[in-house]
Amino acid sequence: MRPHSLQPFAAPDPRDVRVLGPDEPVVRVDRRRSAVGVLTVTNATSTAWESTDWVVGACTAQGQQAGREAATSGNRPLVGYHDGHALVALRHVRQLRRALFMPRDPAPVVVTLQDGTALTLDAGDPETMHLLAVTVVDGMLELRAEPFPRASHDGDVLAAFGFTLSPPTIGRS
């Protein structure tokens with residue numbers, strides 16, 4: 001028998017929310033859908049991640065990288081970009097602590113689950129943007145719209161959310 005553990009607060013299912021923002025700031029994906037396929041984030045210009053073994057990295061849709069890549073047992077990135085879309089490998093979601101997706105373009109950020117469920121991230125206003133914060137809570141994805149002043153640099157955002165980039169690994173010869 002599993003020991004009784006604290007349950008996270010109640011949050012709506014993403015199928016019941018169309019826009020993640022001030023009115024509906026958080027949704028939670030059940031364990032099954034959190035572990036199947038890929039979470040796709042369209043129109044996020046950069047992302048940062050932190051794995052359960054404290055590997056922290058960041059990358060942009062243009063391919064610039066900082067920190068370290070969190071690789072899965074399949075030797076694929078846990079979080080990264082492919083064809084301009086940010087992707088989270090859900091098969092390995094229990095290796096992820098959290099990720100942050102930052103929009104800089106006027107195009108709306110759209111989050112899509114493997115089952116086709118899609119949400120749009122509220123664009124904010126001229127002074128405030130919404131970031132997509134993804135946290136893994138007991139194997140479940142929690143998606144949250146985080147208001148943040150429109151910053152001049154992603155480093156400001158990473159610092160505010162406590163992301164300290166891991167030093168890059170040095171290759172062996």
Side-chain angles (χ1 to χ4, degrees), residues 8-31 33-51 56-67 69-70 77-90 93 96-137 140-165:
F9 62 87
D13 185 283
R15 292 176 286 205
D16 300 329
V17 175
R18 292 291 160 234
V19 177
L20 201 57
D23 295 332
E24 292 282 355
V26 65
V27 295
R28 190 169 301 115
V29 184
D30 62 65
R31 281 183 189 86
R33 290 186 301 142
S34 290
V36 176
V38 175
L39 174 79
T40 304
V41 182
T42 304
N43 297 324
T45 54
S46 57
T47 184
W49 58 84
E50 182 177 83
S51 70
V56 179
C59 65
T60 67
Q62 293 78 29
Q64 299 166 317
Q65 287 197 265
E69 182 178 272
L78 183 58
V79 179
Y81 279 90
H82 182 71
D83 290 337
H85 302 283
L87 306 175
V88 178
L90 296 182
V93 74
L96 181 67
R97 284 191 73 238
R98 62 188 180 137
L100 190 62
F101 299 88
M102 296 160 270
R104 297 288 179 192
D105 294 336
V109 172
V110 178
V111 183
T112 309
L113 294 166
Q114 191 69 30
D115 67 359
T117 302
L119 301 144
T120 301
L121 186 64
D122 184 278
D125 58 40
E127 291 83 34
T128 305
M129 63 180 169
H130 284 98
L131 311 172
L132 175 66
V134 176
T135 308
V136 179
V137 179
M140 295 178 286
L141 288 174
E142 185 175 283
L143 311 176
R144 180 180 299 270
E146 291 285 355
F148 195 82
R150 292 197 187 270
S152 60
H153 191 272
D154 286 351
D156 299 337
V157 177
L158 298 180
F161 281 85
F163 283 87
T164 302
L165 298 172

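The residues of the chain are indexed from 1 along the displayed sequence.
- The shortest side-chain heavy-atom distance between L132 and V41 falls under the 4.5 Å cut-off.
- Here the CG-CG distance, from D105 to N43, works out to 7.0 Å after rounding to the nearest 0.5 Å.
- The two atoms that bring T112 and A118 nearest to each other are OG1-CB, 4.1 Å, heavy atoms only.
- In terms of heavy-atom proximity, P103 sits nearest to L131 at CD-CD2, 3.9 Å.
- At least one side-chain heavy atom of F148 sits less than 4.5 Å from a side-chain heavy atom of V157.
- Between L100 and F163 the shortest side-chain heavy-atom distance falls below 4.5 Å.
- Separating the CG atom in L141 from the CG atom in L96 is a distance of 7.5 Å, to the nearest 0.5 Å.
- From L165, atom CG reaches atom CD of Q65 across 11.0 Å, with rounding to the nearest 0.5 Å.
- Closest approach of A133 and E146 over heavy atoms only: CB-CG, 3.8 Å.
- Between atom CZ of residue R28 and atom CG of residue D13 there is a gap of 10.5 Å, rounded to the nearest 0.5 Å.
- Side-chain contact between R15 and L113 is absent, with no heavy-atom pair separated by less than 4.5 Å.
- In this structure the side chain of E24 never reaches within 4.5 angstrom of the side chain of R18, judged on heavy atoms.
- Of all heavy-atom pairs between A145 and P147, the closest is O-CD, 3.7 Å.
- Side chains of V29 and T117 form no contact here, defined as non-hydrogen atoms less than 4.5 Å apart.
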For residues 81-88, tabulate all N or O donor-acceptor pairs below 3.5 Å that involve a side-chain atom, not counting sequence neighbours.
| residue | atom | partner | partner atom | Å |
| --- | --- | --- | --- | --- |
| Y81 | OH | A44 | O | 2.8 |
| Y81 | OH | S46 | N | 3.1 |
| H85 | ND1 | T42 | OG1 | 3.1 |

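- In this structure, R144 contributes its side chain and L20 its backbone to no donor-acceptor pair below 3.5 Å.
- In this structure, D154 and R104 approach most closely via the heavy-atom pair OD1-NH2, 2.7 Å.
- The side-chain hydrogen bond (donor to acceptor under 3.5 Å, both in side chains) check on D30 picks up R33, with sequence neighbours excluded.
- Judged by distance alone, the side chain of T45 and the main-chain N or O of M102 form a donor-acceptor pair under 3.5 Å.
- Counting heavy atoms from C-beta outward, V111 and L39 have side chains that approach closer than 4.5 Å.
- In this structure, E142 and V26 have side chains that are in contact, with non-hydrogen atoms separated by less than 4.5 Å.
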Please step through side chain to side chain contact (heavy atoms under 4.5 Å, CB included) for the pair S34 and L90, ending with a clear verdict. CA-CA 6 Å; S34 290; L90 296 182; 5.7 Å; no
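- Taking both residues in full, the closest heavy atoms of P77 and A89 are given as O-CB, 4.1 Å, listed atom of the first, atom of the second, then distance.
- Of the possible donor and acceptor atoms, one in the side chain of H130 sits under 3.5 Å from a partner among the backbone N and O of D122.
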